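Down below is the structure, laid out as structure tokens.
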2 protein chains.
Amino acid sequence: MARDTRKAMVLTAVELLRERGADGITLDTLVNRSGAPRGSIYHHFPGGRTQILDEAVQLGGDTIASLIADSADGDPIALLDSIAAFWRKTLTDSGFTAGCPVVSAAISSAPDSPLVRHAQQIFATWRGQLIERLTADGLNATTAGRLATMCIAAIQGAIIMCRTEASVQPLDDVAGELQVLLSARSLFCQTDAPADRRGTT
Amino acid sequence: MARDTRKAMVLTAVELLRERGADGITLDTLVNRSGAPRGSIYHHFPGGRTQILDEAVQLGGDTIASLIADSADGDPIALLDSIAAFWRKTLTDSGFTAGCPVVSAAISSAPDSPLVRHAQQIFATWRGQLIERLTADGLNATTAGRLATMCIAAIQGAIIMCRTEASVQPLDDVAGELQVLLSARSLFCQTDAPADRRGTT
DNA sequence: GTCTATACGAAGATAGAC
DNA sequence: GTCTATCTTCGTATAGAC
């Protein structure tokens, strides 16, 4: 039962992070929602609130990382589809209360806080995974790097808009446009081809 | 001096929102940073902290809205450039502490809070402005709508990544990819052309 | 218009009993 | 492992003097 309590608390922390940002995680709310006994807090998490926050961010990051790793059928467009599907489900299942816990932590913490550095690591992990997938599909390194950033940024931005306006439309729009972009890029930016001409911007 | 104090307080509120989210705005910090006298709080803002939050979000939204309205040279790519330039400057000038106040407010507030609804309105305004610009450039309505969402989402996502990793690289990458996408779209999705084939996703 | 003082509540953390 | 105080700090808001 010990493990279960611990896990329930971290899962609840992720929920709160999704809904209200880092400051939404108060120990009171955490205990009430998770049903965990109050006395368990500092037993399971000697580092107190800080440790819980950190583990919640890590779990949030791992969820997406696993998602990317698991759908290893090679095709980047199929991968995008499963990521979009995951978020569509998360958003609707929660009644559009749940955003991305990693982004929440990044935004609602001081710029130099450990939590922001943690979020940075997670973004880098996701990006690395995507780059690997895109280059495996034949894209040159430069384009793959830019597209990986683009995918993460666009989807995260769309999630924010979806939660804000309680609709999956932004995600649908963004997923569609990313698909167009990926298709175009995969036609013209193969490994052997020269990198795209890029403007100053 | 009254107006100045008031304005300074709202500007400081925007700063705090950018740096730490809604919960970063405490009246103590606000007064200390802005240099405003403590007694001015409820004099200038009878609605208290809530009112200050609201005005800060509004000001943040207006800043971008004016930016879009002011650079009315017609060309969507030029418009994107000025938006990207604005954020590049904001990020670097602040030492990568400042994100978008509207996004901050949206994320660090309860999903059903007035602040989130306010953020939604602002997103809608931006989107409307962009759509107008894209259709004026000849794009059909469907594509313009999707692209407008895409631009806002991708740039907002990029800003988050930039602030998190203290680099403008994500913004540069995203701006470049958006340019590619806009160019491709403007070639194939003019008003008279049929809407793009879109998949289930 | 602005100041100080204070009421009131919420939150994190610790101590010691069970 | 868990519970119940309790300490301390912090934050909003109000009251009343200047």
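Since this is a predicted model, take the numbers as computed values, not measurements. Throughout, protein chains are lettered first and strands after them, A, B, ... in sequence-line order, and every chain is numbered starting at 1.
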Sugar-phosphate, base or nothing in reach of A:Ile25, heavy atoms under 4.0 Å: sugar-phosphate
Euclidean distance, atom CG of residue B:Asp23 to atom C1' of C:dA10 [Å, nearest integer]: 13 Å
Distance below 4.0 Å between A:Arg38 side-chain N/O and D:dT2 OP1 or OP2: no
Of the listed nucleotides D:dG11, D:dT14, C:dT2, the one nearest the side chain of B:Asp28: D:dG11
Distance test, side-chain N/O of B:His43 to OP1/OP2 of C:dG1, below 4.0 Å: yes
Residues B:Asn140 and B:Thr143: side-chain donor-acceptor under 3.5 angstrom: yes
Residue pair B:Leu17 / B:Ser104: nearest heavy atoms and the distance that separates them: O-OG, 3.0 Å
Between D:dT8 (C1') and A:Leu27 (CG): distance, integer Å: 15 Å
Sugar-phosphate, base or nothing in reach of A:Leu30, heavy atoms under 4.0 Å: nothing
Whole-Å distance separating the CG atom of B:Leu16 from the P atom of D:dG11: 12 Å
A:Asp4 CG - D:dG1 P separation (whole Å): 12 Å
Carboxylate-amine/guanidinium proximity below 4.0 Å for A:Arg127 and B:Glu165: no
A:Asp62 versus A:Gln58, side-chain donor and acceptor atoms under 3.5 Å: yes
Whole angstrom value for the distance that separates P of D:dA15 from CD1 of B:Ile41: 15 Å
Closest contact, heavy atoms only, B:Arg18 versus B:Gly99: NH1-O, 2.8 Å
Of the listed nucleotides C:dG12, D:dA13, C:dT2, the one nearest the side chain of B:His44: C:dT2
Whole-Å gap separating P (C:dG12) and CZ (A:Phe45): 14 Å
Distance, rounded to the nearest Å, where B:Arg49 contributes CZ and C:dA10 contributes P: 15 Å
Short side-chain N/O contact to D:dG1 OP1/OP2 from A:Ser40, under 4.0 Å: no
Separation of atom NZ in A:Lys7 from atom C1' in D:dG1, rounded to whole Å: 20 Å
Residue A:Tyr42, side-chain heavy atoms: nucleotide from D:dG11, C:dC3, C:dA13 that is nearest: C:dA13
